[in-house]
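In listed order, ligands and their atoms are each counted from 1.
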Amino acid sequence: MKVFIDSADLDEIKQAYEWGIADGVTTNPSLMKKAVDKRKKINLKQYIDQILKIAKGTPVSLEVTETSAQGMITQGKKLYKLFNPVANNVYIKIPVNPAFKNADKTHFAGIEAIKALSKVNIPVNCTLIFTPEQALLAAKAGAAFVSPFAGRIDDFIQTNNKMKFNKTNYFPMEGKEKGKTTLNDNGIASGIDLVAQCVDILKNHGYKTEVLAASLRNTRQVREAALVGADISTLPFSVIQDMLKHPKTYEGMKNFTKDIVPDYVKLTK
Ligand code: G3P
């Protein structure tokens, strides 16, 4: 499984690449705002250029902010033209459905934009996927990546069922009660179950589209995403750091350090 860093923070991205564990970067308008707010003065073009250069050879997703089909197509092309020459690694992120409510006319604008951009060989990362059906249609329209939002599906199931929750709560892959459908969950028992269903459907039917598990908030979700065959997981930097930690690792280090034979160390001095 490839590991992307879900961040627009240059320092975090740099660190992840220096560690040799990053296979790509995903950004979104909220992550971009967080990075911009953190810095007093920023030349956004140069800042994004730096991200692209650090990530050279691996995909960087830049999201559109328009919501009409034509708006997303035009903006997607402009973003690609402006930034892809820097390191040839730009993917344009398009919401599968950019409508703000059910009666909104922009329901189908996402799929139209995916088709139009893919057709001119601009790789698309289709975002805000909450059902396997959305993933299937985005793949058919030509998306290179589909991004199911695991954590937010857990939020959704919990809200639907009037459960108390915060961002640290999540459902294990099999859902709350193994083997039982006790929740109102539209047949998707957890965020990771959504990822698994997307993987199965796209593999069963031979799509080249890669499943990029997003909105992963803890290390167990990353493990489960890998187990169910996600092609990519995009992770906040804090989750990447947490993946390296274990109390028994600390304990083991303490004990090994206590036992060091001085002559052994001298051999390398
Ligand atoms: O990749 C999508 C991600 O940035 C959203 O994460 O935790 O806000 O649902 P979260």
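Interface of R217 with ligand 1, defined as ligand atoms under 4.0 Å from a residue heavy atom, comprises 7 (O), 9 (O), 10 (P). Within ligand 1, the atoms closer than 4.0 Å to a non-hydrogen atom of N28 are 4 (O), numbered from 1 in the order shown.
Using a non-hydrogen distance threshold of 4.0 Å, T26 does not register as a contact of ligand 1.
Within a 6.0 Å sphere centred on OH of Y264, heavy atoms belonging to other residues, nucleotides or ligands number 12 at most. The environment of NZ in K56 is sparse: at most 12 heavy-atom neighbours from other residues, nucleotides or ligands sit within 6.0 Å. Other residues, nucleotides and ligands contribute only 12 or fewer heavy atoms inside 6.0 Å of the NZ atom of K78.
Considering only non-hydrogen protein atoms, atom 5 (C) of ligand 1 sits nearest to R152 NH2, 3.5 Å.
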Is there a side-chain hydrogen bond (donor to acceptor under 3.5 Å, both in side chains) between T26 and Y91 once you walk through the steps? CA-CA 9 Å; T26 50; Y91 280 53; over 6 Å; no
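No donor-acceptor contact under 3.5 angstrom links the side chains of D259 and N255, judged on distance only.
Considering D6, D154, V239 only, the shortest heavy-atom separation from atom 1 (O) of ligand 1 involves D6. With distances taken over non-hydrogen atoms, the option nearest atom 6 (O) of ligand 1 out of G151, A150, S215 is S215.
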